[in-house]
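Here's the structure we're looking at; comments come further down.
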Amino acid sequence: MSSDAYVRVEREGAIARLTLDRPDKLNALSAEVLEQFGRGLDQIEAMDGVRVLVITGAGKAFVAGADISAMQNMSEDEARHFSAAGQALFARLEAMPIAILAAVNGFALGGGCELALACDFIYASERARFGQPEVKLGVIPGFGGTQRLARRVGVAMAREWVFTGRMIKADEALRVGLVNAVVEPEVLMDRATAVAKEIAATGPLAIAAAKRVIAEGEGERLADANAREVEAFAGCFNSADQKEGMAAFLGKREPDFQGR
Ligand code: COA
């Protein structure tokens, strides 16, 4: 385990966990927290054999948004820089070649909802609350919320949530497809770890390729996206993982993927 003041990184086998750990401010994202988050990702990327990352928050919040105290007196230029820093960090999560799960334990508001949306998918505690309350502060989401939320839950629903700033309960988030599962608070981490283990047992190059093709295909015409899939599928056949996976199946044994 290693830590910066506000970000903890732990590892258990092929699974890394990054915890936003600033509970007295509900894990609000200041520029400093974003920097520490980036350093946490550097550490995880330097670890050999990590195949899944689970992101969560300490205390009663996942992340209650960007740090309002830090934003209060920002100039336009400072706000642009802050927004770009958050966007870059979340784009980095999407570009990482491993699966990234958000285990949303509590408030995921503003930047917290945007962080969860930048993860590959979300498991939520019954206590989770989602929302983009920025308009209540006279601003709009700045870490991707106007875009990723609409892509996940549909434009009309995203408009309503962004325009009202309303808080969304976990069961509603489940109903509209924002989260994949809602579980009792005590079992959130166990359930997230169980799905992480399931993913970690599969071919790592296949996960990287699937993540990339799904993301790149999102804004494309179906025919173009499917053409991209053909190339990525074919590319898998250059890997030892493909040979191992298929030999293991036909040999009726468990595969031992090396990510090569
Ligand atoms: N930025 C900075 N500080 C924040 C914060 C944020 N986004 N969210 C919470 N905090 C701080 C509070 O100011 C408070 O600090 P204090 O103890 O020094 O006064 C501490 O975290 C605890 O929050 P509090 O509001 O007392 O908890 P609560 O349980 O009564 O309410 C929320 C929880 C999430 C409903 C409430 O904190 C909230 O609305 N937060 C802001 C959400 C938001 O607008 N996010 C988008 C920002 S762009």
Side-chain angles (χ1 to χ4, degrees), residues 4-8 18-38 40 55-91 93 102-119 122-153 157-174 176 178-179 182 185-186 188:
D4 255 322
Y6 299 139
V7 172
R8 254 187 299 132
L18 185 148
T19 305
L20 279 306
D21 191 9
R22 193 192 181 195
D24 56 325
K25 296 292 175 190
L26 306 190
N27 306 323
L29 301 172
S30 60
E32 198 184 354
V33 176
L34 293 180
E35 261 173 47
Q36 293 187 11
F37 198 138
I55 298 179
T56 195
K60 71 175 179 183
F62 176 67
V63 167
D67 188 324
I68 300 167
S69 315
M71 288 189 294
Q72 185 181 14
N73 296 314
M74 276 183 186
S75 66
E76 182 178 343
D77 258 356
E78 287 166 339
R80 182 172 292 111
H81 189 75
F82 184 56
S83 174
Q87 297 260 6
L89 182 68
F90 293 177
L93 292 175
V104 174
N105 50 302
F107 295 110
L109 303 175
C113 190
E114 292 165 307
L115 167 59
L117 283 162
C119 296
I122 304 170
Y123 270 34
S125 146
E126 288 165 348
R127 292 205 190 111
R129 296 289 180 275
F130 296 85
Q132 298 289 163
E134 290 87 348
V135 290
K136 293 183 171 179
L137 302 165
V139 298
I140 68 166
F143 293 169
T146 61
Q147 306 306 313
R148 288 195 185 90
L149 184 62
R151 288 166 194 222
R152 187 72 62 87
V153 304
M157 191 65 78
R159 284 193 182 113
E160 185 171 337
W161 291 9
V162 170
F163 292 178
T164 61
R166 180 192 301 152
M167 249 194 250
I168 309 300
K169 290 189 173 160
D171 57 349
E172 188 179 349
L174 179 66
V176 299
L178 174 61
V179 309
V182 177
E186 313 77 62
L188 175 64

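Note that ligands are numbered from 1 as they come in the structure, with each ligand's atoms numbered from 1 the same way. Note that this is a predicted model, so its numbers are computed, not measured.
- Annotation: I68 places an N or O atom under 3.5 Å from an N or O atom of ligand 1; distance criterion only.
- At a threshold of 4.5 Å between non-hydrogen side-chain atoms, the residues L26 and L109 do not count as touching.
- For a threshold of 3.5 Å applied to N or O pairs, the pair formed by A64 and ligand 1 contains at least one separation below that value.
- When only non-hydrogen protein atoms are considered, atom 9 (C) of ligand 1 lies nearest to L26 CD1, 3.7 Å.
- Within the 4.0 angstrom cut-off, atom 21 (O) of ligand 1 has one or more protein heavy-atom neighbours.
- Contact annotation for atom 1 (N) of ligand 1: protein present (non-hydrogen atoms, distance under 4.0 Å).
- Between R22 and D4 no salt bridge is recorded (no basic side-chain N to carboxylate O distance below 4.0 Å).
- Proximity of atom 12 (C) of ligand 1 to the protein is not indicated, since no non-hydrogen protein atom lies closer than 4.0 angstrom.
- Of all atoms in ligand 1, numbered sequentially from 1 with element shown, those under 4.0 Å from a heavy atom of L137 are 44 (O), 47 (C), 48 (S).
- Within the 3.5 Å criterion, the main-chain N or O of G57 finds no donor-acceptor partner in the side chain of D21.
- For ligand 1, the atoms sitting less than 4.0 Å from at least one non-hydrogen atom of K60 are 27 (O), 28 (P), 29 (O), numbered in the order shown with element in parentheses.
- Within ligand 1, the atoms closer than 4.0 Å to a non-hydrogen atom of M71 are 48 (S), numbered from 1 in the order shown.
- Cation-pi geometry between R129 and F107 is not met: the NZ or CZ atom fails to fall both under 6.0 Å from the ring centre and inside 45° of the normal.
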(request) Start with the C-alpha distance between I55 and L20, add both sets of side-chain angles, then the distance that settles side chain to side chain contact (heavy atoms under 4.5 Å, CB included), and finish with yes or no. (result) CA-CA 8 Å; I55 298 179; L20 279 306; 4.0 Å; yes
(message) Before you tell me yes or no, could you show the steps for F143 and F82 under ring pair (Phe, Tyr, Trp, His ring centres under 6.0 Å), namely the whole-Å CA-CA distance, both residues' side-chain angles and the distance that decides it to 0.1 Å?
(response) CA-CA 9 Å; F143 293 169; F82 184 56; 5.3 Å; yes
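- Within the 4.5 Å cutoff, the side chain of K60 has no heavy atoms near those of the R127 side chain.
- Close approach of ligand 1 to L109 (heavy-atom distance below 4.0 Å) involves ligand atoms 34 (C), 42 (C).
- Scanning the protein heavy atoms around atom 14 (C) of ligand 1, the nearest turns out to be D24 O, 4.4 Å.
- Less than 4.0 angstrom separates some heavy atom of A28 from each of these atoms of ligand 1: 1 (N), 2 (C), 6 (C).
- Sorted by first then second residue, the salt bridge (Lys or Arg N to Asp or Glu O under 4.0 Å) pairs that include residues 75-88, not counting sequence neighbours, are E76-R80, D77-R80.
- Under the 4.0 Å distance rule, the nearest protein heavy atom to atom 37 (O) of ligand 1 falls inside the cut-off.
- Remark: atom 45 (N) of ligand 1 lies closer than 4.0 Å to at least one protein heavy atom.
- Short contacts between ligand 1 and M167, defined as distances under 4.0 Å to a heavy atom of the residue, involve ligand atoms 35 (C).
- Geometrically, ligand 1 and A66 share a nitrogen or oxygen pair separated by less than 3.5 Å.
- A donor-acceptor pair is defined here as one N or O able to donate and one able to accept, closer than 3.5 Å; no such pair exists between the side chain of Q132 and the backbone of V162.
- For L29, the heavy-atom gap to ligand 1 stays at 4.0 angstrom or more.
- Interatomic distance, C113 SG to L178 CG, rounded to the nearest 0.5 Å: 5.5 Å.
- The distance from ligand 1 to the heavy atoms of E134 drops below 4.0 Å at these ligand atoms: 48 (S).
- At a distance under 4.0 Å, a protein heavy atom can be found next to atom 28 (P) of ligand 1.
- More than 12 heavy atoms of other residues, nucleotides or ligands shown are found within 6.0 angstrom of CZ on R152.
- The shortest N/O to N/O separation between K25 and ligand 1 falls below 3.5 Å.
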